[in-house]
Every structure is written in C-alpha cells, then in structure tokens.
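Accompanying notes for the structure given below.
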Amino acid sequence: MAKIIQLSPHVANLIAAGEVVERPASVVKELLENAVDAGATQVTVEIRDGGMTFLRVTDNGCGMSPEDARTAFLRHATSKLKTAEDLAAIATMGFRGEALAAIASVSRIDLLTKTPGAISGTSLTLEAGNITEESEAGCPDGTTIIVRDLFFNTPARMKFMKSDTVEGSRVTAAVQLQALAHPEVAFRFLRDGKEVLSTPGTGSLEAAVYCVYGRDSGKMVQVDGKWENFSVTGYVSKPTDARPSRALQTFFVNDRPVKSRLLMAALEEAYRNQIMAGKFPACVLHLRVPANVVDVNVHPAKTEVKFLNEKAVFDCIHYCVLGALNKTPDRPQVQFKPAVPAQSVVAPAQKPATAPQKQENFFRTMNAQEFKNFSAAVKDAPKPSPMAAAATAAAVEQTILPPVREQVILPKATPTPISVPTPAPIPQPEEPEQVTIPEIPKEIPWRFVGELYNSYIIVEQGEEAYLIDKHAAHERILFEKLKANQEAISSQVLLTPVTLRLSPEAVAILLDNSSLLEELGFEVQEFGENTLAIRQIPMDLDSAQAIDALETIAADLLNGRKENRSNVRDEVLHTVACKAAIKAGWISSEKELMKLAEQVLSRDDLKHCPHGRPICITLSKKQLEKQFKRS
Ligand code: ADP
Ligand code: MG
C-alpha cells in the first residue's frame, strides 16, 4: 500500500466542495442561508448563464469586519457554533463553517462587506480559495458576494452540469425555497437581467406562497395547528388538485427546508381515501419544534433531519392537515364504502356499514385537538388490516368518476351482483404473472354476448366465454398503433394555447426535451418562470388529458427515466394511449365493443395492457358446470 499522506487544505476543500457545492443552485442555497443568518431583511440574487459564469447575492445583513471577512473563507470557520453542546440546539441555517471555503475553492470570488457601525467596508478577491486582493471600500451595510466561473478549476465537475436553462431553473427553485422558508425576508431574483421572483418580506407565508405559485395558490387549504409542543402552519392542495408527482411538496422544519419520508408519509396519510392512486398532494408546510428535539446534523447539505419522537411528528402533520382538509366546505364527498375482503372480489357487495360513515362525519367537524383526544380514546381499538385498507382504497377509487367525456355519465346505481355460493377465485389484477392468458383459437366463430358493469365485454366462443377489459384492450390497441407509427405522432394545434404551471425544474426539463416532445405531438413554449404555453397536443388527446400527460412526462424525465429516448417515447405512448382509451365505466356502443372484441380475438399481441394487466380472462363451460354441480 502507498504511504499515507495528509491532504493539503486545498485538496481537502475541493473534497468538501463536492459535498456542499454540487451546482449553482447549491451555491445560491448556501449564500442565501448566510444572508438570512446575518439577519438580512432584503436579499437580491442575480445570475447569468444559469449561474455558471456569474452569480451575485446581496444582503443588508450584519456584514463582516475586515478580519472576519478573511477568516470566513477558511474551512471550519463559523461564528454560529463554538462548542459541541451548541450542536444540540442549532437555531441558524449554517453551522459547519464549510460553505464559503468550499465555494471559494472552486470559483473566483469578489466580496464586499460592511458592518453597520463601521465607516468603511472591506473588499476581497479570491481565486480558488486564495485571497489575491484586499482593500478598504466604500459600500452599503451588508454583504455582496459575487461568484464567477464556478468549477473553472475542476473540469470533472463541470462535465456534470446540465444546460444553462436547467441549472438556472434549479437556482430559481432554490430561491423559491428560501422565499417560502423565510416570508419575513424580501427576496428578489433576477435571471439574465429579468426579474423572475420578488417577495414582499412582510412575514406573511400566504404572500410568499402567492409570489411563488401565483394564482393557483388561492385554491390551497390553510393549515394552522398545534400538537403537543409542535406547531404546523402552511398550505396544502385540495384532494381534487392532486399532482402527478411529489415535486410540489415542500417541508420546512424550523425554517429549514428538509426532505423527509416521515413528513411525506404523514401528509399523504391525511389524504388517504381522498386521492387517486398515483397522485400526490402539494404542500408548503412549516413545522416548528423545539430545537433540541431535531437533529439537522445528519446530512452535508442539511436537507435531512432526524426527530427524537417520530410518532409525535407524524401525528402532528397528519392530524393537523386532516383537520384542515375536513374543515374545507367544498371538499368533494368521497363515497365511503366498506372494506371488501380481498379474496372475495366477486362476492356480493356488503351493505355499507354505518360505522365508517359516522366516523367520516365525525372527522369532518373535528379540529386537530379534538382529533387528538379522539385518537387517544380509540388507540386501543383494533387497527384495520393493511389488506382491508387496500381494499377500501380500491373500493373508494372506483367511486371516483372518470373525467366527463362526451357527456357520458357513470351510472350511479351499483349493479346487483349475482350471488355465488362459493365464489370461484378470480385472478388478481395486480399479479399478472399468475394469470393464464387464454389461447384463443381463431378459426372457431364467436358471438358478442354483452357487457358487464360498463367495463367487461363478454364473448362466447365454442365452450369458452371470455371477459375482456375494454379499457385495457383499447389502451393496448392504441399503444401498438402509436408505436408502429415510428414517425412523429400527428398533432392538433390548439385554438388558444393552454398554459401549464409547473415547478421550475419541470418547466426546464420539458423545454430541454422539446424536440422529443415534438415527436410526440406536443409543442410547448416558455411562458414565464413556472409556466409553459402548450400550442400543439397529440391528436388523440383533449387538452386536459394533454396537460396531465405533460405533467407525467416531466415527472418521468425528472425521475431519471431519460437515459433512453425510446423508453421515454414508450412511456409517453403509454400515457397517450391510457388517456385516449375508453375508460371502464363509460358507456360504449355495441359496435365499439364488437370492434374491440374482434381485435382481441384475432390478434396475438393483445394479451396485456401496456402496464401488464391482463386484457382478457376466460370462463369455461366446464368451470360453470362445476360451480353448478352439474359435473
Ligand atoms: P456557516 O454558515 O456554516 O457558519 P459559512 O462558510 O457559510 O459557514 O460562513 C462562514 C462565516 O462567515 C459565517 O459563520 C458568518 O460569520 C460569516 N458570513 C458568511 N456570509 C455572511 C453574510 N452574508 N453576512 C455576514 N456574515 C457572513
Ligand atoms: Mg453558511
């Protein structure tokens, strides 16, 4: 083995830089946190070229003395922490004393700073972490840091940078996050000379949310609750305004933006049974907890936290959000259906039990504290099994009406099921591998029998009957058709362009992939920081479906399913096919159903829908005879 040497401070700084300085957005995050820690009430951020060549943060905070200004760029130089005990109760955003050293080591920096009492300020110039110039300077109170040519001396890191559009959008997201974290600070953000965000800094979270999300924020539900010694305030989306991804879930713990599975799960628990599968609530939630019950020192970028009492934190978010949602008068009524045992899907539906109904009404009139008392009272009651809960979710999901198309309305009455003494086990849709897909002989004539529940086509052929899931079949047919047509998907021009508000990252990634989108039939244009104008959409979609598809595509692209262009194309084709296909529950004409059945019976490629669910299951004469004890 080679001899051990101690790394030079410069190399050590480069390594530390890798931890905190990943891209322009992470520089902005650190500089904004410093400005807030310095007590600034006004902070301006300016970037050029996505922040790669030029990035300036100006604040009116406490400034630094000439001596402090020099030390600030040394590693582990901080004014926020002195002893190990201080780590147990961190109230500032920064505390490692690493950010400035790390940023300086990979860029060229100009610093101008002045403390309010001083007659003049200090100007420092640094290159790769070394001070190259220092002088006295006349300047306003506060601090201005200019970061130029980020990663000029680390080409390997430079290679990881995305386009200026993407990097710039990440900076936007970073500024937005700080603006939502600190409504008491007025933030201004200029991108290539254009102002893209400005918050009033009045301390009102509502105002900050409005500045970031625009008019959409008016539809959100206010949360303001207390739970033990925790409190939570902020805004959450209504169940009906759910998003296709978690991109718009923002959590702060003691004003620090955090990513936390615990908080995410607690939020989503409050929407259980109110939201469609695969959709997610949006939120801006501030959780305040005593500083000593939270450990922020677990992640270099300080975005993860550990709580001493996870259960209490979970309950706080869960019940306070639930309380807020239940107070909202125009919440759509979710039909509460009894849990259907998973193994008896074909058994007669039970009469709705009264208990859950009562509970629903009860919850709706409760605030967080009442809820807490209630939940303490029922703590010892048996918990519903996950199986039953899943079945309830499935049952509830079915009661949500599909988007109305051509005025087709889902019949409200539940069909009276035929009673079967011993229900035959039917294949579970979520386990396609257990399903035997029938081999359909093509030469034997077949007969269209009818349709069940506006969902399943019944066909008889010789001694077999087939049940065809009309949505799955249509989806697969459309998917194959779109896939076979390797050229661009034909598109329709919208009379008036539709605007779509998304996260800045989602906007950037869609713009970056505009040629791919064009192949798929979409034409989108930039329309402000968070908004896209959609001018053309695929022929088979209406504009609402197209918007939904674009949001899904953005989420897929952001989730990294972008390496392979044909994967993205397939993903989009799934989405297009799924949105354009007739839905279970819709009323279809006999002709339409016959056509679908004909295709399923004559083609070998129509076994599963693009998501792997079976299209067709079989019920043989023999099976029936056995059921009726005839054989
Ligand atoms: P940390 O924030 O973890 O202390 P940094 O490297 O970010 O470490 O900053 C080092 C020190 O420089 C801070 O502790 C603070 O004293 C000082 N400093 C940094 N930015 C500012 C600013 N904008 N205004 C006043 N002081 C600042
Ligand atoms: Mg800092």
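Counting from 1, the numbers follow the sequence of the chain as shown. Both counts, for ligands and for their atoms, begin at 1 and track the order of listing.
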Q) Can you tell which part of Val57 has a heavy atom less than 4.0 Å from ligand 1: side chain, backbone, both or neither? A) neither
Q) Where does Ala38 meet ligand 1, judged by heavy-atom distances below 4.0 Å: at the side chain, the backbone, both, or neither? A) side chain
Q) To which of Asn34, Leu74, Leu32 does the heavy atom nearest atom 7 (O) of ligand 1 belong? A) Asn34
Q.
Below 4.0 Å from ligand 1: does a non-hydrogen atom of Gly63 turn up there or not?
A. yes
(Q) Distance under 4.0 Å to a non-hydrogen atom of Ala72: what atoms of ligand 1 satisfy this? (A) 10 (C), 12 (O)
Q: Just jot down the ligand 1 atoms closer than 4.0 angstrom to any heavy atom of Glu98, in number order.
A: 6 (O), 8 (O)
Q. Got Asp110 and Leu124 here, is their nearest side-chain heavy-atom distance under 4.5 Å?
A. no
Q: Give yes or no for whether the N/O distance cutoff of 3.5 Å, strictly under, is met between Leu100 and ligand 1.
A: yes
Q.
Please report whether ligand 1 has a polar contact with Asp37, defined as an N or O pair separated by less than 3.5 Å (distance criterion only).
A. no
Q: With Arg108 as the cation and Phe152 as the aromatic partner, state whether NZ or CZ is under 6.0 Å from the six-membered ring centre and within 45° of the axis.
A: yes
Q.
Tell me whether Gln249 contacts the main-chain N or O of Pro281 through its side chain, where contact means a donor paired with an acceptor under 3.5 Å.
A. yes
Q: Could you tell me whether Glu46 and Arg188 make a salt bridge, using a distance below 4.0 angstrom between a side-chain N and a carboxylate O?
A: no
Q: Just say parallel, tilted or perpendicular for the rings of His286 and Phe252, cut-offs at 30° and 60°.
A: parallel
Q: Show the numbers, then the answer: is there a salt bridge (Lys or Arg N to Asp or Glu O under 4.0 Å) between Arg48 and Asp192?
A: CA-CA 5 Å; Arg48 274 186 230 135; Asp192 295 309; over 6 Å; no
